[in-house]
**Q** 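Before I ask anything, here is the structure I am working with.
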Protein chains: 4
Amino acid sequence: MNLRERKTAKKKEDILRSASLVISRKGFRQTTMEDIAAELLMTKGSLYYYFKNKEELLFYCHEHILTTVLDKLRKIKQQDITSSEKMKAAIKIHLDTAIREREIFNLAIKPEQIFSGDHVEVIVQKLDEYAELFDQLILQGIQKGEFSVVQKKMARMIILGAANWIQVWYSPEGEFSKEEIEQVYADYLLKILK
Amino acid sequence: MNLRERKTAKKKEDILRSASLVISRKGFRQTTMEDIAAELLMTKGSLYYYFKNKEELLFYCHEHILTTVLDKLRKIKQQDITSSEKMKAAIKIHLDTAIREREIFNLAIKPEQIFSGDHVEVIVQKLDEYAELFDQLILQGIQKGEFSVVQKKMARMIILGAANWIQVWYSPEGEFSKEEIEQVYADYLLKILK
Amino acid sequence: MNLRERKTAKKKEDILRSASLVISRKGFRQTTMEDIAAELLMTKGSLYYYFKNKEELLFYCHEHILTTVLDKLRKIKQQDITSSEKMKAAIKIHLDTAIREREIFNLAIKPEQIFSGDHVEVIVQKLDEYAELFDQLILQGIQKGEFSVVQKKMARMIILGAANWIQVWYSPEGEFSKEEIEQVYADYLLKILK
Amino acid sequence: MNLRERKTAKKKEDILRSASLVISRKGFRQTTMEDIAAELLMTKGSLYYYFKNKEELLFYCHEHILTTVLDKLRKIKQQDITSSEKMKAAIKIHLDTAIREREIFNLAIKPEQIFSGDHVEVIVQKLDEYAELFDQLILQGIQKGEFSVVQKKMARMIILGAANWIQVWYSPEGEFSKEEIEQVYADYLLKILK
DNA sequence: GATGAATGAGCATTCATTCAT
DNA sequence: CATGAATGAATGCTCATTCAT
C-alpha cells in the first residue's frame with residue numbers, strides 16, 4: 001500500500017468513525033449524508049469519492065464495528081478461564097458495543113431492508129458467526145458442567161436481546177456506572193445458563 | 001353512539017389495524033401514508049379525513065396497542081396466583097404483543113423523536129405505567145419470598161429487553177411454536193428473579 | 001317564485017353573506033370551502049348543491065356586493081344636490097363598502113385570474129359601470145363649474161385607489177371613528193377635483 | 001468576497017429577480033416554487049440550495065425591493081429642494097416601484113399572514129420607516145409653510161393608497177406614458193397637502 | 001336536500017446522487 | 001481530490017370536487 005492508498009484508507013476510516021458517531025446520535029434512518037459530511041467538515045459530495053453510495057458507507061461502517069467486536073469475542077473464547085468467566089466477559093463486550101455504537105445491533109433486525117445483494121450476505125454471515133461464538137461458549141460451559149441450560153439457542157437470544165436493549169435506557173448520567181451495569185447484567189444473565 | 005359514528009369509529013380502527021400491519025412489516029420510519037392507504041385500498045388523501053396527520057395516526061396506532069396490553073397486565077396483577085405465575089403470564093403477554101405488533105416497543109426508544117407535545121406525554125405515561133406494573137410484580141414476589149433479586153429495575157430492563165428482541169427472530173415457520181417459545185422465555189427469565 | 005324556490009334563494013343568500021364574512025376575515029385566496037361551510041354550520045359538500053363550484057360561489061358573492069353598491073351610487077347620482085356633495089357621498093359609500101367587504105375591490109385587480117368566461121365579463125362590466133358612474137359625477141361637476149380637474153380618469157383612479165387602501169389599515173379600535181375617517185377622506189379627495 | 005461567493009450572491013439575486021417577476025405576473029399567493037424555478041430554467045429542488053424555504057425566498061425578495069426604495073426616499077429627503085418637490089419626487093418613486101414590482105405593497109396588508117417570526121419584524125420595521133419618511137416630508141412642508149394639511153397621517157394614507165392602486169390599471173400599452181402618469185399623480189396628490 | 005366519505009391533482013420540502021470545474 | 005451546484009424522485013399534506021346514501 002503506497003502513500004496515496006494509505007491516505008485514502010485513513011480518510012475512509014475517518015469517515016466511518018464520524019458516520020458511526022452521527023448514527024449513534026441520530027439513528028441510521030435519520031442520518032443523512034449531509035449530517036455525516038458536516039461532522040467531518042466536508043461536503044456531502046466528497047463522501048461519494050470514498051464510498052459508492054450511502055448504503056456502501058453504512059455497510060462498511062457496520063462491517064467495521066462487527067469485525068472489531070468479533071475479534072474481541074474470538075480472543076475471549078481462547079482464553080484459559082472458566083466458561084462462566086468467558087460468558088461474562090462476552091456479555092460485557094456486547095454491552096460495551098451496544099452502548100458505544102448505539103445502532104449497531106438494530107440492523108440485525110432486518111439487514112435485507114437496509115443492505116442489498118452481497119452486503120446482506122456479509123453482514124448476515126458476521127451476525128451468524130457472532131451468534132455461533134456465543135453458542136459455542138454456552139456449549140463449552142455445558143460440556144464442562146458449568147451450565148445446564150437446555151434451550152441453548154433461545155438462551156442465547158435472551159442474553160443478546162436483553163443486552164441490546166441497554167442502548168435504549170443507558171445514559172452516562174444515570175444512577176449506575178457502565179461498569180456496575182455490565183457487572184449486574186453479566187451476573188443476572190448467567191443465571192439463565194446455570 | 002349512533003350508526004354513523006360507529007361506522008366512522010370502525011373505519012378508524014380499520015385504518016389503525018392496517019397501519020399496524022404495514023408498520024410491523026416495514027418499520028414505522030419506512031411506512032408512508034401511501035403504504036397505509038394502499039393496504040386499505042384507499043388513497044392517501046382519505047386517511048387525512050380520519051387523522052389530522054401522520055403523527056396522529058401513528059400515535060393512536062401505538063396508543064391503542066399500549067392500552068390493550070396494559071389492560072391485560074392489570075388483570076394479571078389482580079389474579080389470585082403466585083408472583084411467579086403472574087410474572088410468567090406477564091412475560092407471555094409481552095412476548096405475544098412484541099411478536100404481533102413488531103414495532104410497538106421500538107418507539108419506547110425515543111418517543112419524543114416521533115411524537116410531539118401532548119402525544120409524547122401520553123405515550124411516556126403509558127410506558128411508565130407499563131414498567132411500573134412489572135416493577136410491582138417483582139416487588140410482590142420479593143415480599144412473598146418468591147423472588148430474591150436485588151437490582152429490581154435492571155432485572156426488569158433485562159426481562160423486557162430480552163422479550164422485545166423476539167420480534168427480530170421469531171417466525172411462524174420456525175422450529176418452535178409461539179407457545180413453546182413463550183414457555184421457555186418465561187421459565188428462563190424467571191431465573192433472573194429467583 | 002314558489003316556496004321551494006324562495007327557500008333556495010334565501011339559503012343562497014345566507015351562503016353568500018357568510019362567504020363574504022369569511023372572505024373579509026381571511027382574504028379570498030385563503031378562504032376554503034370548508035371555512036365557508038363551517039361558518040354556516042354546514043358541510044362543504046352541501047355548498048355544491050347551491051353553487052356549481054367555488055368560482056361560482058365567489059362570483060355571486062362579489063356580484064351581489066357590487067350590485068348593491070352600484071344601486072346606492074345610482075341613487076346618489078339622481079339626488080338633487082351639488083356635484084361636490086354627490087362626490088362626497090359616493091366616496092363615503094365606497095369607503096363603507098371597502099371597510100365592510102374588505103376583499104371586494106381587490107378582485108378588481110385581475111378578475112380574469114379569479115373568474116372564468118362569462119363571469120369575468122359580468123364582473124368587468126359592473127366594475128366599468130362603477131367607474132363610469134364616478135366619471136359622470138366628475139363630468140357633471142366640471143360642467144357645473146364645481147370641479148376643474150383635467151385628467152378626469154386619472155383623478156377617478158386616484159380617488160378610488162386611495163379609498164380602497166383604507167381596508168389595509170382601518171380598524172374599529174383605531175383612533176378615529178369610521179365617520180370621521182370618511183369625512184376627512186371625502187374632504188381631502190375632493191381637493192383633487194377642484 | 002471571493003469569486004465563488006460572488007457567483008452565489010449573483011445567483012441568489014437572479015433568483016430574487018425572477019421570483020419578483022413571476023410574483024408580479026401571478027401574485028405571490030399564486031406563485032409556486034415550480035413557477036419561480038421554471039422562469040430560471042431550473043428545477044424547484046435547486047431553489048432550496050439557495051433559500052431555506054419559500055417563505056425565506058419571499059422575504060428576501062420583498063426585503064430587497066423595500067431596501068432599495070427606502071434608500072431612494074432617504075436621498076430625496078436630503079436634497080436641497082422644496083418640500084413640494086421632494087414630495088413629488090417621493091410619489092414618483094413610489095409609483096415607479098408599485099408599477100415595476102406589482103405585488104410589493106400588497107404584502108403591507110398583512111405581513112404576519114405571510115412571514116413568520118423575525119421576518120415579520122424586519123418587514124414591519126421597513127414599512128414603518130417608509131411611512132415615517134413620508135410623514136417627515138409632510139411635516140417639513142407644513143413647517144416651511146408649503147403644506148397646510150391637518151390630518152397628516154390620513155393624508156399620507158391617501159397618497160400611498162392612491163399610488164398603490166396604479167398597479168391595478170397601469171399598462172405600458174396604455175394611453176399615457178409612465179412619466180405622464182407620474183406627473184399627473186404627483187400634481188394631483190400634492191393638492192391634498194396644500 | 002344534506003352529509004359523510006373518498007378522490008386526485010397540486011404544492012412545499014427533503015435528500016441521495018451526479019457531475020463539471 | 002474536493003466542492004458547489006443541480007437534479008429528480010419521494011413524501012406529507014391541502015383542498016376543490018364528486019357521489020352514494
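Just so it is clear: chains get the letters A, B, ... in the order the sequence lines come, proteins before strands, and each one is counted from 1. What's counted below: heavy atoms across the whole structure, side chains too, no hydrogens, waters or symmetry copies.
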**Q** Which class fits the ring pair B:Y60 and B:F51: parallel under 30°, tilted 30 to 60°, perpendicular over 60°?
**A** tilted
**Q** Roughly, in whole Å, what's the span from CG in C:L47 to C1' in E:dG4?
**A** 14 Å
**Q** What is the distance from OH of C:Y50 to C1' of E:dA2, rounded to the nearest Å?
**A** 8 Å
**Q** Under 4.0 Å between a side-chain nitrogen and a carboxylate oxygen: does that hold for B:E39 and B:R25?
**A** yes
**Q** Listed by chain and number, what are the ring pair (Phe, Tyr, Trp, His ring centres under 6.0 Å) partners of A:F28, not counting sequence neighbours?
**A** A:H62
**Q** What is the nucleic acid contact for D:F51, judged by heavy atoms within less than 4.0 Å: base, sugar-phosphate only, or nothing?
**A** nothing
**Q** Give me the residues of residues 15-27 of chain D where at least one heavy atom lies under 4.0 Å from an atom of DNA chain E, by number, or none.
**A** none
**Q** Look at C:R4 and E:dG1 and indicate whether a side-chain polar atom (N or O) is within less than 4.0 Å of OP1 or OP2.
**A** yes
**Q** Which is more 5' along DNA chain E, the nucleotide nearest C:T43 or the one nearest C:E5? Just name the residue.
**A** C:E5
**Q** With sequence neighbours excluded, what pairs up with A:Q167 under the side-chain contact (heavy atoms from CB on, under 4.5 Å) test?
**A** A:R102, A:N106
**Q** Mind listing the N/O atom pairs, protein and nucleotides 15-17 of chain E, below 3.5 Å?
**A**
unit_1 : atom_1 : unit_2 : atom_2 : d
E:dA16 : OP1    : A:K54  : NZ     : 2.9
E:dA16 : OP2    : A:M33  : N      : 3.0
E:dT17 : OP2    : A:Y48  : OH     : 3.0
E:dT17 : OP2    : A:K54  : N      : 2.8

**Q** Using the test ring pair (Phe, Tyr, Trp, His ring centres under 6.0 Å), find all partners of C:H64 that sit at least two apart in sequence or belong to another chain.
**A** none
**Q** Would you write the dot-bracket representation of DNA chain F, where each base gets (, ), [, ], | or . depending on whether it forms a Watson-Crick or G-U pair under 3.5 Å and with which partner?
**A** .||||||||||||||||||||
**Q** Let me know the distance between CG of B:L40 and C1' of E:dA5, rounded to the nearest Å.
**A** 14 Å
**Q** Mind checking side-chain contact (heavy atoms from CB on, under 4.5 Å) for C:I65 and listing every partner two or more places apart, or none if nothing turns up?
**A** C:S20, C:T97, C:E101, C:I104
**Q** Whole angstrom is fine here: how far is it from NZ in B:K7 over to P in F:dA20?
**A** 14 Å
**Q** Without decimals, in angstroms, what is the distance between B:Y49 OH and F:dC19 P?
**A** 17 Å
**Q** Does D:R17 have any side-chain contact (heavy atoms from CB on, under 4.5 Å) partners at least two apart in sequence or in another chain, and if so, which?
**A** D:E13, D:D14
**Q** Starting at atom NZ of B:K12, determine the distance to atom C1' of E:dA6, rounded to an integer number of angstrom.
**A** 16 Å
**Q** So, OP1 or OP2 of F:dG4: does either fall under 4.0 Å of a side-chain N or O from D:T8?
**A** no
**Q** Of all residues at least two apart in sequence or in a different chain, which pass the salt bridge (charged side-chain N to carboxylate O under 4.0 Å, His left out) check with D:K26?
**A** D:D35
**Q** Go through the structure and list residues passing salt bridge (charged side-chain N to carboxylate O under 4.0 Å, His left out) with A:R29, not counting sequence neighbours.
**A** none
**Q** Under the rule for salt bridge (charged side-chain N to carboxylate O under 4.0 Å, His left out), what residues qualify as partners of B:E112, not counting sequence neighbours?
**A** none
**Q** Run the ring pair (Phe, Tyr, Trp, His ring centres under 6.0 Å) test against D:Y50 and tell me which residues pass, sequence neighbours left out.
**A** none
**Q** Distance check needed: E:dG1 P versus C:L41 CG, whole Å only.
**A** 19 Å
**Q** Separation of D:F28 atom CZ from E:dC11 atom P, in whole Å?
**A** 17 Å
**Q** Should C:S24 and C:E103 be marked as a side chain to side chain donor-acceptor pair (under 3.5 Å) after you check the CA-CA gap, both sets of side-chain angles, and the distance that decides it?
**A** CA-CA 6 Å; C:S24 292; C:E103 289 281 317; over 6 Å; no
